> 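This is the structure I want to talk about, given as structure tokens.
What you see is a predicted model; the values in this text were computed from it and never measured.
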Amino acid sequence: MRYYLTKVGYFLLTVWAAVTLNFLIPRLQPGDPATAIVRKLSGAAGAGGQVDPNQVAAIQAMLGQPDTSLFRQYLDYLAALVRGDFGQSFTYYPAQVTEVMGQAVPWTVGLLGVTQVLAFLLGTLLGAWAAWRRGSAFDSVVSVGSTFIGNLQSFWIGLLVLFLFAYTLGWFPASGGYEYTDPGWTWIHLADIASHAVLPAVTLLITAPIGFILGMRNTMVQTLGEDHIRLATAMGLQERRVALGYAARTALLPSITSFALSLGALFGGSVLVETLFDYPGLGRVMAEATANRDYPLMQGVLLISILAVLVANLIADLLYGVLDPRARKEA
């Protein structure tokens, strides 16, 4: 019980720190959203041009910018979060932040959910097989290939995928979430959505399994040298049973934690990928909010993504305690 209470306590403390940083970081950026909006609307002012103070004051009044201390804004921010109020988006004014995120979340969850599960399964199986056949040609190809691909950026991979499969071969759409069909639960519309998701998913799937492959391989190679694996082999147990039932099962525990941690890294990569493919998910919304200094929308997207990662980590820690009794004893 102490193990689980400790993990829940760390989770609550981390949530408070994340909420506080989520409030402070956007306000540490230079400039203010009202000036950015006036520049964007007027256009002629440009980056170095003069902005009419009266226009800025009018935009601030329209957006409800509080003329109070930072601490008072922090308290108001916490109170609004408790009510589930993220405020109004500057970019999509007068839409609420929850409304904007509500339209983008299904696209990101659908894309990242499928790609992340596939990356975990693919990476774990390839890593386990490479470790079991360590020293073979398959192990060399997987290890060297993973190291090479892992150093590539998803943005550059996306450009290559876009050039080859969209512009050269014309097999898939280059951008957007859907195109020719009317929104609705019809097979034609679902097929249209799937065709638009192929290239972003392929881009993410090229790099996402790399961490699982290398992590699973290295952990399983260490596990294969332990006494209980040697004993199982010496007892003449079937090769498949030793590999999957003993070695892979033990080596899988760190991969569960890596799966939860990778959610945050994958979200960071999705910002570039969704922007590149103009995919209507949270990544593109975050890019637009950052460009427009849309504080409420930035805070909303950041908070949702951070909470998703923290909850995933908490679930992984709790499962770790269930699967490995040694973790509970060490707490």
> With a 4.5 Å heavy-atom cut-off, do F86 and Q299 have their side chains touching?
no
> Given side chains that start at C-beta, do those of L81 and L303 come closer than 4.5 Å, heavy atoms only?
yes
> Verify the distance criterion only: is there a donor paired with an acceptor across the side chains of T108 and E274 at less than 3.5 Å?
yes
> Can you tell if the side chain of L126 reaches within under 4.5 Å of the side chain of F138, non-hydrogen atoms only?
yes
> Taking the side chain as every heavy atom from C-beta outward, state whether D139 and W129 have any atom pair closer than 4.5 Å.
no
> Heavy atoms only: give me the nearest V285-A104 pair and the separation to one decimal.
CG2-CB, 3.8 Å
> When you compare the side chain of T147 with that of I210, does any pair of heavy atoms fall below 4.5 Å?
no
> Just checking, any donor-acceptor pair under 3.5 angstrom between side chains of Y178 and S195?
no
> With the side chain counted from C-beta on, respond yes when Y92 and L297 share a heavy-atom pair under 4.5 Å apart, and no when they do not.
yes
> When the side chains of residues 158-173 are checked against the rest of the protein, which donor-acceptor pairs come out under 3.5 Å, sequence neighbours left out?
unit_1 : atom_1 : unit_2 : atom_2 : d
T168   : OG1    : F163   : O      : 2.7

> Please determine which of L13, L12, V19 meets the side-chain contact (heavy atoms from CB on, under 4.5 Å) test together with V15.
V19
> Are the side chains of F11 and V311 in contact, using a 4.5 Å heavy-atom criterion?
yes
